[in-house]
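Here is the structure we will look at, set down as structure tokens.
Residue numbers start from 1 in every chain, and the chains themselves are labelled A, B, ... in the order their sequence lines are given, proteins ahead of strands.
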Protein chains: 2
Amino acid sequence: MANLKDLADHLGLSQATVSRALNDYSTVNATTKQRVLQAANHLNYRPNTSARRLATGRAGAYGIVLPKADNLLMDPHFVDFLSGLTTAFAAHDLDIVLTGAEGIQAYQRFANTGKVDGFILSSPKSDDPRIRLLSEMEVPFVVHGRCDVDLDYAFYDIRNRSAFRDATNLLLNLGHTRIGLLNGPSDAIFARDRLKGYTEALVTNDLIPDPTLVMHDMMTEEYGYRATGTLFAQPSPPTALLCASTLVALGATRRLRRDGLTVPEDVSIISHDDCLSSLKTENFSVPLSVTRAPIRDAGTEIAKLIIDLSRGAAIADIQKTVPVDLIVRASTCTAPQARS
Amino acid sequence: MANLKDLADHLGLSQATVSRALNDYSTVNATTKQRVLQAANHLNYRPNTSARRLATGRAGAYGIVLPKADNLLMDPHFVDFLSGLTTAFAAHDLDIVLTGAEGIQAYQRFANTGKVDGFILSSPKSDDPRIRLLSEMEVPFVVHGRCDVDLDYAFYDIRNRSAFRDATNLLLNLGHTRIGLLNGPSDAIFARDRLKGYTEALVTNDLIPDPTLVMHDMMTEEYGYRATGTLFAQPSPPTALLCASTLVALGATRRLRRDGLTVPEDVSIISHDDCLSSLKTENFSVPLSVTRAPIRDAGTEIAKLIIDLSRGAAIADIQKTVPVDLIVRASTCTAPQARS
DNA sequence: TTTGACATTGAAAGCGCTTTCATGAATCGC
DNA sequence: GCGATTCATGAAAGCGCTTTCAATGTCAAA
């Protein structure tokens, strides 16, 4: 395994010029640069990352801290998110460092060791203490989602509120007046935003939101199944369902079918679709109408954002909220009572 | 951000002693050790990882290389696997480095830079070239699963063959003679092993395996749905189904229900269960009978294995094949034709 | 011919840690 | 009470790279 010294000796040059050549400094002669590059390639030279890091002070990696009892890692969405992240990082020769650790001070510990240049925060809580801590430490970070803190921070988020407002409106236009919402966990911001959009649409249409139609929980298949059971056991059950994820929608349809209800004739469904690669909504028995926002995109976008941020971009320029498509397929139709 | 020199100056000691104290050398006086530890804690000192790596030559991290167009990251199992891995690593203050890269030489590039001390290989192909490369490079690595190479390498695997043999036997004992197998991708070793176990059981019971009853594909929900459709469109459809994953089983049950078939009266189902945290088989409408092997355990075990391996354990001691439980729940019963 | 600007390169000082080797001081056996 | 150990510490070399600063040589301008 050749090192810089070997390479320099081999070329009869100083380490300095070789290093400069490899890092494409303009001050080094074009022909020597060529020579160096060739020799490096020939000797299969790879600069030692630790040495370079030590010299430059930059790690070339970004961290994701996974609390031990994390529901992040219980989340199939995380895989697709990671996928987007790593492909985008690969192009810049950056890595992502996954570390399991307990408590908020893990971030501090981690950043201070210089292992990473910054962090990516997933599933932020409403008043997430990590934001304050990292801001104070002046460590670059990008949040996937948003929080309720009066701090300026970089984030990437989708328009959850308008997405669910639009979806609700569509159902209302189809004549549905009792719409169930199988939402995500109540302490998640995205769930709160979706609830806002849903409520907003109802209120705008002079309907009084019925809290018994709204459920909150971790977005598993079973939750979809159970919550649907609960909703339809009510005296006046909904005629339409809004689901927070495709897995939830899957559970919901399973329950509906068990109970002899058909989609969309008896019940319309709109689900939020993160475009998980192992669960495609267009291939559902009844192709699902969805609010569509590929979570993979979040990964690739956040990669770009944190790179910009590390290069000194203003935080205000690293705040992105992207729109969500509403795709109508076969799981939505006119409400039963609105049909002749 | 204090460094070693600051700390040493502050204590009136040399960097050497402080370093030794922090690394718990026995040669340093107990009271000074105390003093150092306290001061370090007080000054919130964290040794710089790059410097330490450079000095020791060890990275304190293991790598997972994700090919760009990877189906690893399309796999919900991967999340649970990672979860196990990181929690086990956290206890040893090790990290995992995720890197996106194309081609096999990515491993070489990656190891040579000293970013990681070794690798974890997922979804090995039958004659996986990575094994040979890494063996030659003498870089520690543990394979999740097994390959068809005549090299000695460290691995962790579950007894796929006996698991599916047992499951098939159970179904045979219940009187089923036509058993569908919704297997994983045909180029995956685990799928091949499962097929072996399945075939073995049939042959042992004097049945001729019918290739039209065996399907291979990526283990998605849709695959379960479609393949089940195909199987039951046959002139003599199966009375039992063996599924390679819970997502596949989910798709299968969806299809069966659509086609008006009930589980287990019309069709018995046994699925392999990796115990994904977002999809629990015990909560299926009809609780699933399963061959059970938590993939999370694979993560925690592999973490231990690679640590041992790096410490110089013999490869022969780092080859683990764990048994799989067969759990009978409500999705299996006597074959229809075997009932009076 | 002298001078200054420019283009290339090298020497060497770090980056922050570990670890070998040397050095005193204290302790022991006899 | 003296050499031989043991204990505890410090000085300093090095890990492999980057980067500042100085030192060449070259060439056009004066």
Could you give the CG-to-P distance, from B/Leu54 to C/dC17, as a whole number of Å? 12 Å
What's the closest nucleotide to the A/Ala16 side chain, out of D/dC15, D/dT9, C/dA12? C/dA12
Quick one, B/Asp308 with B/Lys304, criterion salt bridge (charged side-chain N to carboxylate O under 4.0 Å, His left out). Give me CA distance, side-chain angles, the key distance, then yes/no. CA-CA 6 Å; B/Asp308 287 348; B/Lys304 287 184 207 154; over 6 Å; no
How many whole angstroms separate atom CZ of A/Arg20 from atom P of C/dG10? 8 Å
B/Asn3 vs C/dC15: side-chain N/O to OP1/OP2 distance below 4.0 Å: no
Just the rounded figure in Å: distance from P of D/dT18 to CZ of A/Arg58. 10 Å
Indicate whether OP1 or OP2 belonging to D/dT18 is found under 4.0 Å from a side-chain N or O atom of A/Tyr25. no
Could you list the residues that satisfy ring pair (Phe, Tyr, Trp, His ring centres under 6.0 Å) with B/Tyr153, not counting sequence neighbours? B/Phe155
Between D/dA8, C/dT9, C/dG10, which nucleotide gets closest to the side-chain atoms of A/Asn29? C/dT9
Counting just side-chain N and O atoms, does B/Thr17 come under 4.0 Å of either OP1 or OP2 of D/dG10? yes
Return no unless some side-chain N or O of A/Thr27 is found under 4.0 Å from OP1 or OP2 of C/dA7. no
So among B/Lys125, B/Arg130, B/Arg132, which one has a salt bridge (charged side-chain N to carboxylate O under 4.0 Å, His left out) with B/Asp128? B/Arg130
Below 30° counts as parallel, above 60° as perpendicular, anything between as tilted: where do the rings of A/Phe81 and A/His144 land? parallel
Quick one: is D/dT9 close enough that its OP1 or OP2 comes under 4.0 Å of any side-chain N or O from B/Thr32? yes
